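Contents: one structure, followed by commentary.
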Number of protein chains: 2
Amino acid sequence: MTSQLDADMFDPACPSSVMPFRIGDKWTAMVVLCLEHGPRRFSELRVPLRTITPKVLTETLRAMERDGLVTRTSYDENPPRVEYALTPLGRSLLTLVEAARAWCRENMSELLAARRSSDLSSRDPSPAPTPARPGSDEQRAR
Amino acid sequence: MTSQLDADMFDPACPSSVMPFRIGDKWTAMVVLCLEHGPRRFSELRVPLRTITPKVLTETLRAMERDGLVTRTSYDENPPRVEYALTPLGRSLLTLVEAARAWCRENMSELLAARRSSDLSSRDPSPAPTPARPGSDEQRAR
DNA sequence: CGGTATCCTGCTAGATACTG
DNA sequence: CAGTATCTAGCAGGATACCG
């Protein structure tokens, strides 16, 4: 386990803002997912999280630590090494995150189709529905 | 069905900000819950949602309508009557909301205990743990 | 009743730069 | 490497008032 984290683990074209769903703040669910297969270092987390700033990652991890979702282990080495890991409580969130991802996989295309057609009809007097075949052009849920 | 909505349906002492979990924005999950047992009128929704302003409730409902989660039906009567109802898509969110509430019921006390003890130890040099018997003083998940 | 229209504020989170 | 320190902007959400 604990293989390298993929920089493309989270599709930037699939912003979680599309989900009618969030775990905590903007990044918490993704951190939980990143820690699923074992402890990770600060810099390691920055790879899949890409656009996150160190400041925000620190804040996110501190908040999660405070709530007992992750542990922070600092090894007194040089260069410094710090590892973050899920607690059992944090791990219990995984089922919720998975349920949310399952919902997205099943329903995202319908939601996006509804959004598109409502966007169209509010701009265009003649709707021209374009019923949007399910599972065609939407971004996949990773 | 469709009995009156309880003004105490959502405990104000149990802010959803405590949950490491949200459906969409601040109010969406609560609206979904309010519509669980049948269509509701605008004013009816304001009762359990209490502190929500008309503006924000309108925004929330419009966003949900746009995403195909609710329907808005306006009856041409006097006084005017408008009803909001869950679509099948919106209804499918109920299982997710329920999963989240189940998580809260099971784990909230542990999370709050962790938060309390971490708050203490950051203020107080001698932690004085107070292990927080589970299920004692926390607010219930409704 | 079922909303709009304004105005306003706090806070999340991004940009950027620096450090033990 | 693993963060801090500042500064700033955007925007969700709230207060208040008014309307068809």
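Quick caveat, the model's predicted, so the values are computed rather than measured. Lettering of chains follows the sequences in order, A, B, ..., and the numbering in each one begins at 1.
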How many whole angstroms separate atom CZ of A:R40 from atom P of D:dC1?
16 Å
Measure the spacing between CG of B:L96 and CG of B:L94 and express it to the nearest 0.5 Å.
9.5 Å
Is any side-chain N or O of A:K55 under 3.5 Å from a base N or O of C:dA13, one able to act as donor and the other as acceptor?
yes
Could you identify which residues of residues 68-81 of chain A place a heavy atom less than 4.0 Å from some atom of DNA chain C, listed by residue number, or say none?
A:P80
Contact under 4.0 Å: B:R62 side-chain N or O vs C:dG2 OP1/OP2
no
Run the salt bridge (charged side-chain N to carboxylate O under 4.0 Å, His left out) check on A:R62 and A:E59 step by step: do they pass?
CA-CA 5 Å; A:R62 293 277 190 276; A:E59 286 168 357; over 6 Å; no
Are A:K26 and C:dG14 close enough that a side-chain N or O sits under 4.0 Å from OP1 or OP2?
yes
Salt bridge A:R50-A:D8, side-chain N to carboxylate O under 4.0 Å:
yes
Any cation-pi pair here, A:R40 with A:Y84, using under 6.0 Å and within 45°?
no
Without decimals, in angstroms, what is the distance between A:I52 CD1 and C:dT12 C1'?
12 Å
How long is the line joining CE of B:M30 and P of D:dG13, in whole Å?
10 Å
For B:S92, side-chain contact (heavy atoms from CB on, under 4.5 Å) partners two or more places apart
A:W103, A:N107, B:L89
Counting heavy atoms from C-beta on, name the nucleotide in C:dG3, C:dG2, C:dG14 closest to the side chain of A:T53.
C:dG14
How close or far is atom P of D:dA2 from atom CZ of A:R46, stated in whole angstroms?
10 Å
Rounding to a whole Å, what distance do you find between A:E59:CD and C:dG14:P?
10 Å
Among the nucleotides C:dA13, C:dG2, D:dG14, whichever has the atom closest to the side chain of B:S43 is C:dG2
Taking only side-chain nitrogens and oxygens of A:Y84, does any of them come within less than 4.0 Å of OP1 or OP2 of D:dG3?
yes
Quick one: do B:R46 and B:E44 make a salt bridge, cutoff under 4.0 Å?
no
Which atom names give the shortest non-hydrogen contact between B:L86 and B:V70, and what distance separates them?
CD2-CG1, 4.1 Å
B:L61 CG to C:dT4 P: how many Å, rounded?
10 Å
Could you tell me how far apart A:R22 (CZ) and C:dT12 (P) are, to the nearest whole angstrom?
11 Å
Once you round it to whole Å, what is the distance between P of C:dG2 and CG of B:L57?
11 Å
Side-chain N,O (A:R41) to OP1/OP2 (D:dC1) below 4.0 Å:
no
